[in-house]
Amino acid sequence: MPRVRFAPSPTGYLHIGSARTFIFNWLFTRKNNGTMILRIDDTDIDRNTETSLQSIYDGLNWLGLGWDEHYRQSERLDLHRRQALAIFEKGLAYRDFTPAHAGADDDERKSAWLFNPGMPDLPREESDRRAAAGEPFVLRFKVPRGTGRVIRFADGVYGEQEKDADDVEDFALLRSSGLPTYHMASCADDADLRITNIIRGQDHLSNTFKHILLFEAMDAPAPEVAHLPLLIAPDGSKLSKRRHGPVVSVTTYRDAGFLPHTYVNFLCLLGWSPKDNREQMTRQELLDAFSLAGVNRANAVVNFTEADPIDPKALWLNSQHLRAWPVEELIPLVAAALTAAGLTPPGDAAKFGHTIEVLRSRFASLLDFAGRGRPYFSDEFEMQPDAAAKLDVPQARELLRELGARLEKAPEYTEASVESTLRELAAEKGVKAGVLINGARAALTGQTAGPSAFAVFDCVGRDRAVARLRNL
RNA sequence: GGCGCUAUCGUCUAAGGGUUAGGACGAAGCCCUCUCAAGGCUUAAAUACGGGUUCGAAUCCCGUUAGCGCUACCA
């Protein structure tokens, strides 16, 4: 049974790229009857925050996919340290007493990137003596350079990979503070948690060569790896909080009124394809279609502008799901959107559902229900100028008030009965039905655009409709 | 600089030796229509560049260019 992990570090909010990595991990796991592990990689005590951790949980919970096991690296530091020391005892790592490169410029670093002179070959006695004397050091892995060693692995997306050990630098395992580095903590945990498959961003592709070496040093089997192309900005640069602001956060989409599943679906389409032209897919369809073979190798651009942080395709996808989603599942989501906007959701679930059905084909976001949909849920709404103009034609107000009066007295009030009442009135007065129809929509909603006027009557209800006509 | 990865319409992608290079978003137009949507139809829009290999290359190989990643006591 596959054991798969998603390992975010809590140094910011849940990033759109992280969310996608999580989703792909989740799909892979569920598809293969595996165990999904959420591991918080919080070994960088200087940059980790509790609010960031919370926003990651919030984001993941919003996606609604879930996980099976949960760990925090900060609670497992002993394990990492023990593994690092074991590697050291095997002679596969060494203490590097060189002070941190505080002011080292680029040229200097690049000319001496492999290791700090003298340190790999420091005699054990001297190393022990200096360590015992309290001299700070980082523990570095001793990469087998000059041995002709070629490190190889097969990536699930990028295929066969190889690199000369000569091209790998002596990376750190333990910092001078004694805390493990990412590489050490990650591999020690992957080994300890018996992770079988790693699916992560392509930024780790080069790191994998180091990790292969580490797994060997720990006598642990290396998990299978698959790397995902990165999500990038329209200008080709990496998505970053500093440069691109909130577009990189999943909360942007949540707050824009997206269905959680739309976001999942949208993210799946960035760097992956079912190969059969399908785009709008249910969770089950994604599960059925998902395969690492369908993952692309080129980075994918998230299409946004400063003016509009939402990718147009994502918005379209949301409108599609909004249309197809079971109304009963939509009700709580729309209710939440209404409440958030200070409106009161209708108590009658059947009528509420009907109104949602009437409106949703012209909405793209849950927010639209409280925005353009406001007149359907509240008596306080604005009369748009073009709607007012519709009412300012000769006789319009007078006829609509008359219509209101007739509807108030009518024996029944349904879409069909309203229609016949309206058409009778139009015929009687010798005006085109369209004048009354469009006028009624304007009067009832303050808008010229919207559902069929008769559906509007139905949704708004008799009392409100009559009142709105009377008050013209 | 070194090493690695990548390159099809503006964007997401399909086509893994033989296609008029397909679909979707977005854009434009038409149909439908009580308005607006939805829906249907149509149009514009791409194989980065240069060499090979081959009867035949978007597809395989090499080079160039560009982008991205790693090269931290970040992850």
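Every chain is numbered from 1, with letters handed out A, B, ... down the list of sequences.
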Decide, yes or no, whether a salt bridge links Lys163(A) with Asp167(A) under the criterion of side-chain N to carboxylate O below 4.0 Å.
no
Please pick, from A75(B), C5(B), U71(B), the nucleotide with the shortest atom-to-atom distance to any side-chain atom of Glu169(A).
U71(B)
Hey, does His204(A) reach any base, or is it just sugar-phosphate, or nothing, if we go heavy atoms under 4.0 Å?
base
Watson-Crick or G-U wobble partner for G39(B), using a 3.5 Å limit on both distances?
C31(B)
Identity of whatever pairs with A21(B) - Watson-Crick or G-U, under 3.5 angstrom:
none
Give one of base, sugar-phosphate or nothing for Phe137(A), where a contact means two heavy atoms less than 4.0 Å apart.
nothing
Contact letters for nucleotides 22-30 of chain B, in which S counts primed atoms plus P, OP1 and OP2 and B counts the base, heavy atoms under 4.0 Å:
BBBS-----
What contact category does Lys390(A) fall into here, base, sugar-phosphate, or nothing, at under 4.0 angstrom with non-hydrogen atoms?
nothing
N/O donor-acceptor pair, side chain Arg362(A) with base C36(B), under 3.5 angstrom:
yes
Please check: side-chain N/O of Asn265(A) versus main-chain N/O of His261(A), any donor-acceptor pairing under 3.5 Å?
no
Can you tell me if the side-chain N/O atoms of Asn207(A) get under 4.0 Å from OP1 or OP2 in C70(B)?
no
For Arg175(A) and A75(B), is the shortest distance between a side-chain N/O and OP1 or OP2 below 4.0 Å?
yes
Minimum-distance nucleotide (side-chain atoms of Lys275(A) versus A15(B), C5(B), U71(B))
A15(B)
Please confirm whether the shortest side-chain N or O distance from Arg441(A) to OP1 or OP2 of C36(B) is below 4.0 Å.
no
Between Arg47(A) and C74(B), does any side-chain N or O lie under 4.0 Å from OP1 or OP2?
no
Once you apply a heavy-atom cut-off of 4.0 Å, does Thr43(A) come out as touching a base, just sugar-phosphate, or nothing?
sugar-phosphate
Classify the side chain of Thr448(A) and the base of C36(B) as holding, or not holding, a donor-acceptor pair under 3.5 Å.
no
NA contact type, Ala172(A), heavy-atom cut-off 4.0 Å: base, sugar-phosphate, or nothing?
sugar-phosphate
